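The next block holds one structure in the form of structure tokens; read it before the comments.
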Number of protein chains: 2
Amino acid sequence: MPVGLTDHELEQLDTLVSARTRVAKGESLFHSGDAFKSLYAVRSGTFKTRINTEEGTDQVTEFQMTGEILGLDGIGNNLHMCDAVALEDSEVCVIPYEQLDTLSQQFRPLQTHFHRVMSREIIKDQNVMLLLGSMRAEQRLAAFFSNLSERQKARGFSSSQMNLRMTREEIGSYLGLKLETVSRTLKKLQNDALIEINQRHLVVTNPAGLKRLAAGKPATEA
Amino acid sequence: MPVGLTDHELEQLDTLVSARTRVAKGESLFHSGDAFKSLYAVRSGTFKTRINTEEGTDQVTEFQMTGEILGLDGIGNNLHMCDAVALEDSEVCVIPYEQLDTLSQQFRPLQTHFHRVMSREIIKDQNVMLLLGSMRAEQRLAAFFSNLSERQKARGFSSSQMNLRMTREEIGSYLGLKLETVSRTLKKLQNDALIEINQRHLVVTNPAGLKRLAAGKPATEA
DNA sequence: CGCCCTTTTGATCTTAATCAACGAATGTGG
DNA sequence: CCACATTCGTTGATTAAGATCAAAAGGGCG
């Protein structure tokens with residue numbers, strides 16, 4: 001976060017993220033249509049965001065882990081456009097948006113940082129569009145696990161071993177696949193010795209191969 | 001745009017978007033990997049943005065019409081993450097990002113507006129994710145044309161009749177379909193009397209039906 | 001322990017991709 | 001202005017990937 005601030009400024013920044021909320025597994029942090037007041041930073045746990053279709057079905061748009069921001073889509077219309085649901089007991093920092101905006105006016109580094117966060121969200125979404133628009137099932141799952149693995153690593157956890165917090169159906173919803181396809185494709189990845197998966201426990205046995213597959217290359221070195 | 005500004009402030013805002021650039025059909029405004037310096041607002045014409053995959057294939061992420069903003073994905077890493085290509089002879093306003101940031105610090109309404117623009121980009125992308133993740137070909141094209149139609153209308157043009165600026169392949173790339181599928185599906189929509197399409201000339205003969213189809217309902221009223 | 005949710009597995013069907021050929025439009029240079 | 005080349009679009013036949021339908025096995029939790 002920004003540097004070179006006075007004590008008073010730091011204090012203000014501190015108050016910005018002082019409020020915390022617990023969200024139990026299965027509970028929602030906000031719903032689509034709710035008035036937008038705050039962004040949220042995940043302090044612990046995992047969330048999914050879910051967009052509702054007119055048909056009644058819905059689709060997972062993102063999984064958020066510790067440190068990631070929830071609610072950016074609310075700014076546009078002062079309304080949340082998705083549901084945010086905790087996949088396990090979780091805790092978030094509440095970031096009142098008015099206050100963030102005000103502080104951004106005062107501290108340019110905060111503004112700069114915030115713009116980057118928003119832009120990176122756009123970049124991330126466009127990468128998902130790429131995945132959904134042009135990858136096959138195997139590639140999608142390889143990309144998904146590679147991404148999870150990197151995010152785990154960035155948080156100081158093992159990149160080769162983790163417990164998935166989401167069901168096959170949620171993974172499928174995010175990746176544009178049916179849960180049966182997810183299950184079958186996982187087995188295929190396991191047969192190819194890229195991963196080992198047992199229920200929710202994932203072991204990445206061949207990270208390089210997984211990454212190559214995600215990039216559309218054969219899993220075995222060319 | 002913001003109101004309640006002094007003459008001096010208005011002048012500054014004026015200089016923000018004073019520079020214009022022409023981009024000939026087929027030419028690029030920027031490329032993926034280029035240093036990010038400016039955002040661009042389309043003054044006239046049409047662009048596509050295109051993201052490159054590691055496999056060498058690429059995918060259209062967006063079509064931009066008059067008034068829409070190009071380059072938001074550059075902020076995150078100070079690097080453009082996509083190519084922007086003019087689909088016809090076009091003109092853009094150059095918005096130097098440094099300057100925009102500075103002015104945002106001074107004029108809160110500008111900051112607010114800019115945040116909304118970014119957030120709406122996120123919302124839009126997530127709607128595309130929904131399209132790519134869970135709609136069938138017919139639905140995707142119905143949604144695409146409904147959207148185009150609305151945007152035309154918002155610009156004061158006919159919502160029922162327009163000239164497409166993009167090829168079948170570009171439409172397919174954007175919608176996650178092959179060009180042959182686009183062609184066939186267009187014929188199907190035409191047979192169902194929802195549209196008439198002749199080369200690039202599109203007539204929406206049944207906008208309500210098209211919208212229903214886009215929403216996953218049957219095109220004919222229930 | 002029993003119930004329910006999740007996951008796996010199998011058989012079949014549907015959609016869109018792929019391969020292939022042709023026709024239509026656009027643009028270029030002579 | 002016309003002949004040619006090139007890009008773009010349509011159409012047909014076939015294939016492949018994933019969806020769907022169905023059933024059973026495995027885990028977790030009250």
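The shown structure was predicted, so the numbers you read here are calculated from the model rather than taken from an experiment. Reminder, nothing fancy here: chain letters follow the sequence lines and each chain counts from 1.
- With DNA chain D read from its 5' end, the first of the two nearest nucleotides for A:Leu179 and A:Asn198 is the one closest to A:Leu179.
- Enclosure of atom CD in B:Gln152 by more than 12 non-hydrogen atoms of other residues, nucleotides or ligands within 6.0 angstrom is indicated.
- A straight line from CD1 of B:Ile171 to C1' of D:dG9 spans 11 Å, rounded to a whole angstrom.
- Checking the phosphate oxygens (OP1, OP2) of D:dC8, no side-chain nitrogen or oxygen of B:Arg168 falls inside 4.0 Å.
- Atom CG in B:Asn191 sits about 12 Å away from atom P in D:dT10, given to the nearest Å.
- A:Glu169 contributes no side-chain N or O that forms a donor-acceptor pair with the base of C:dC5 under 3.5 Å.
- Taking a 6.0 Å sphere around NZ of A:Lys48, one finds it holds more than 12 heavy atoms contributed by other residues, nucleotides or ligands.
- Summarising the geometry, the separation between CZ on A:Arg200 and P on D:dG28 is reported as 10 Å, rounded to the nearest angstrom.
- Within 4.0 Å (heavy atoms only), A:Arg136 reaches sugar-phosphate atoms of the nucleic acid but no base atom.
- Following rounding to the nearest Å, A:Lys188 (NZ) and C:dT8 (C1') show an atom-to-atom distance of 15 Å.
- Salt bridge annotation for A:Arg212-B:Glu54: absent, with no cationic side-chain nitrogen under 4.0 angstrom from a carboxylate oxygen.
- For the pair A:Leu210 and A:Leu194, the tightest heavy-atom approach, listed with the atom from each and the gap, is N-CD2, 3.8 Å.
- In this structure, the CE atom of A:Met135 is 13 Å from the P atom of D:dG18, given to the nearest Å.
- Atom-to-atom, CG of B:Leu141 to P of C:dT15 comes out at 15 Å; the value is rounded to the nearest Å.
- Of the candidate nucleotides D:dA19, C:dA17, C:dT7, D:dA19 has the atom nearest to the side chain of A:Lys178.
- Between the CG atom of A:Leu175 and the P atom of D:dA19 there is a distance of 11 Å, rounded to whole Å.
- Side-chain proximity of B:Arg184 to D:dA19, C:dT7, C:dC19: nearest is C:dC19.
- How far CD1 of A:Ile122 is from CZ of A:Arg120: 12.0 Å, rounded to the nearest 0.5 Å.
- Residue-level contact check: A:Arg140 touches neither bases nor backbone, having no heavy atom under 4.0 Å from any strand.
- Atom CG of B:Leu189 and atom P of D:dT10 are 12 Å apart (whole Å).
- Listed candidates were D:dC8, C:dT9, D:dT10. Nearest to the side chain of A:Ser183 is C:dT9.
- Across all strands shown, A:Gly172 has no heavy atoms under 4.0 Å from either base or sugar-phosphate atoms.
- Ring planes of A:His115 and B:His115: perpendicular class, angle over 60° (limits at 30 and 60°).
- Across all strands, B:Gly176 comes closer than 4.0 Å only to sugar-phosphate atoms, never to a base (heavy-atom distances).
- Residue B:Lys187 places none of its side-chain N or O atoms closer than 4.0 Å to OP1 or OP2 of D:dT10.
- Within 4.0 Å of A:Leu177, counting heavy atoms only, lie sugar-phosphate atoms of the nucleic acid but no base atom.
- Side-chain atoms of A:Glu180 and base atoms of D:dC21 include a donor and an acceptor less than 3.5 Å apart.
- Of the residues near DNA chain D, B:Thr181 and A:Lys25, the one whose nearest nucleotide (by heavy atom distance) lies more toward the 5' end is B:Thr181.
- Counting any heavy atom pair closer than 4.0 Å across all strands shown, B:Gln199 reaches sugar-phosphate atoms only and no base atom.
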